[in-house]
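Have a look at the structure below, then the notes.
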Amino acid sequence: MWRMRVVHSTGYAYKSPVTASFNEARLTPRSDSRQNVILNRVETVPATRQYRYVDYWGTAVTSFDLHAPHTELEVTASSVVETDTGEQPAEEVSWEDLKTIAVIDRFDEVLGPTGYTPLSRRLARVGQRIAKYHDPHDAVVAAANWVHSELEYVPGTTGVHSSGLDAHREGKGVCQDFAHLSLILLRSIGIPARYVSGYLHPNREAAVGDTIEGQSHAWIQAWTGGWWHYDPTNDKGINEQYVSVGVGRDYSDVTPLKGIYSGEGSTDLDVVVEITRLA
């Protein structure tokens, strides 16, 4: 069991005053069997009224709006979370189970293609080869192994709008791309799979009290009788170093911060994530 503090700050600078903005933040870690959120707050400068709710996928959302002219906006989410290792399903399903109408109907939304995880005949053939030699649980690991061997981790090579196929064509990408490419493969062979956003503390031997520059991270969850986590970017299961925040079909369901504003000009965006192991 780890206890961590995560501070995620996002700053916007506008070229000219913005007269109004409406925003949604998905920056609150999940409370589930693996995680316990002890503290979470989302603060903005300028100060705003906030509304909090849980979205369709079970992700906590903080929405806020600003109606006074402003040239800068800073959003800071602070959380203290206790984390544990990921659990494996108590019972495993077979390929025949996954083909039943009950499973297909229940998980329809995380079995079909999306903008970030489009259909691909070539990848479906790769998936079929994997499925031929593995049971569903092992196929998830084999699919992530394949993605890990196909993509080189290179920051800045893809944009937030790139699909898993775009990254595969390039042969490189970031954690978002590793996750999307894995989802394409798994869904092509009938394994329900979803995208997870969160944070990763990069140092397993971190000293208690040391604050480091962390980063947002993405991985997947697969359903093979129960939901469980796997990180294709690092090609391993997750442990206490991972803090999960959002879950959905792909990145578009878990975007950390999105909104609209009235005003002209582009924005400069600055993001800083600091993670401290507390226990």
Query - Residues D97, T100; criterion side-chain hydrogen bond (donor to acceptor under 3.5 Å, both in side chains); working and verdict - result: CA-CA 5 Å; D97 295 328; T100 60; over 6 Å; no

Distance from [X] atom [atom1] to [Y] atom [atom2], nearest 0.5 Å?
X    : Y    : atom1 : atom2 : value
S163 : D250 : OG    : CG    : 10.0 Å
L98  : W223 : CG    : CH2   : 6.5 Å
Y14  : Y261 : OH    : OH    : 6.5 Å
Y230 : K236 : OH    : NZ    : 9.5 Å
L181 : Q176 : CG    : CD    : 12.0 Å
K99  : E96  : NZ    : CD    : 5.5 Å

Query raised in the report: Run the side chain to side chain contact (heavy atoms under 4.5 Å, CB included) check on S162 and E170 step by step: do they pass?
Result: CA-CA 11 Å; S162 304; E170 292 286 323; over 6 Å; no

Please name the pair of heavy atoms, one in [X] and one in [Y], separated by the smallest distance, quoted to 0.1 Å.
X    : Y    : value
T59  : G246 : OG1-CA, 3.5 Å
I189 : A131 : CG2-CB, 4.2 Å
P46  : E72  : CD-O, 3.5 Å
R34  : D32  : N-OD1, 2.9 Å
S33  : E87  : OG-OE1, 3.9 Å
S21  : H70  : OG-NE2, 3.7 Å

Determine whether a donor-acceptor pair (N or O, by modelled atom type, separation under 3.5 Å) exists between the side chain of [X] and the backbone of [Y].
X    : Y    : value
H180 : Y251 : yes
H217 : G198 : no
R187 : A193 : yes
H148 : T233 : yes
E109 : R249 : no

Query raised in the report: Run the side chain to side chain contact (heavy atoms under 4.5 Å, CB included) check on T62 and T28 step by step: do they pass?
Result: CA-CA 8 Å; T62 304; T28 300; 4.3 Å; yes

Requested in this report: State which residues pass salt bridge (Lys or Arg N to Asp or Glu O under 4.0 Å) with R26; sequence neighbours excluded, sorted by chain then number.
Outcome: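 If we apply the salt bridge (Lys or Arg N to Asp or Glu O under 4.0 Å) test to R26, skipping adjacent residues, the hits are E24, D55.
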
Hydrophobic cluster identity match, [X] and [Y], side-chain contacts under 4.5 Å:
X    : Y    : result
V42  : M4   : yes
L73  : V271 : yes
I130 : L165 : yes
W146 : W219 : no
V174 : Y116 : no

Are [X] and [Y] close enough that some pair of their side-chain heavy atoms sits under 4.5 Å apart?
X    : Y    : result
W57  : R194 : no
T76  : V45  : no
P118 : I184 : yes
E240 : T85  : yes
V196 : I238 : no
D138 : Y133 : no
R122 : R125 : yes
T114 : L183 : no

Query - Steps toward side chain to side chain contact (heavy atoms under 4.5 Å, CB included) verdict (F178, D231) - result: CA-CA 9 Å; F178 281 76; D231 178 3; over 6 Å; no

**Report entry** Residue list, ring pair (Phe, Tyr, Trp, His ring centres under 6.0 Å) with F22, at least two apart or on another chain
**Finding:**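 So F22 forms a ring pair (Phe, Tyr, Trp, His ring centres under 6.0 Å) with H67.
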
Requested in this report: For salt bridge (Lys or Arg N to Asp or Glu O under 4.0 Å), just list the numbers for D210 and R277, CA-CA rounded to whole Å, side-chain angles, deciding distance to a tenth of an Å, and then say yes or no.
Outcome: CA-CA 7 Å; D210 278 2; R277 184 177 178 186; over 6 Å; no

Give a yes or no on whether [X] atom [atom1] has more than 12 heavy-atom contacts from other residues, nucleotides or ligands under 6.0 Å away.
X    : atom1 : result
L269 : CG    : yes
Y56  : OH    : no
R121 : CZ    : no

Query - side-chain hydrogen bond (donor to acceptor under 3.5 Å, both in side chains) partners of N145, counting only residues at least two apart - result: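 Per chain and number, N145 pairs via side-chain hydrogen bond (donor to acceptor under 3.5 Å, both in side chains) with D235.
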
Report task. Going by the side-chain contact (heavy atoms from CB on, under 4.5 Å) test, name the single residue among V37, V6, I38 that passes it with V80. Result ->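 Between V80 and the candidates, side-chain contact (heavy atoms from CB on, under 4.5 Å) is satisfied uniquely by I38.
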
Requested in this report: Before giving the answer on side-chain hydrogen bond (donor to acceptor under 3.5 Å, both in side chains), spell out for N40 and S79 the whole-Å C-alpha distance, their side-chain angles and the decisive distance to 0.1 Å.
Outcome: CA-CA 4 Å; N40 169 260; S79 307; 2.9 Å; yes

Query raised in the report: What do the steps show when you test L123 against H168 for side chain to side chain contact (heavy atoms under 4.5 Å, CB included), and what is the final call?
Result: CA-CA 10 Å; L123 289 178; H168 191 229; 4.1 Å; yes

Requested in this report: Consider only side-chain N and O atoms of N239 and Q241, and report whether a donor and an acceptor are under 3.5 Å apart.
Outcome: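 Yes, Q241 and N239 have a side-chain donor paired with an acceptor closer than 3.5 Å.
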
Requested in this report: Please report the C-alpha distance between T224 and E92 in whole Å, then the side-chain angles of each, then the deciding distance to 0.1 Å, and finally whether the side-chain hydrogen bond (donor to acceptor under 3.5 Å, both in side chains) criterion is met.
Outcome: CA-CA 6 Å; T224 57; E92 292 293 343; 2.9 Å; yes

Query raised in the report: Between F107 and W227, does the ring centre distance come in under 6.0 Å?
Result: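 When the ring centroids of F107 and W227 are compared, they turn out to be within the sub-6.0 Å range.
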
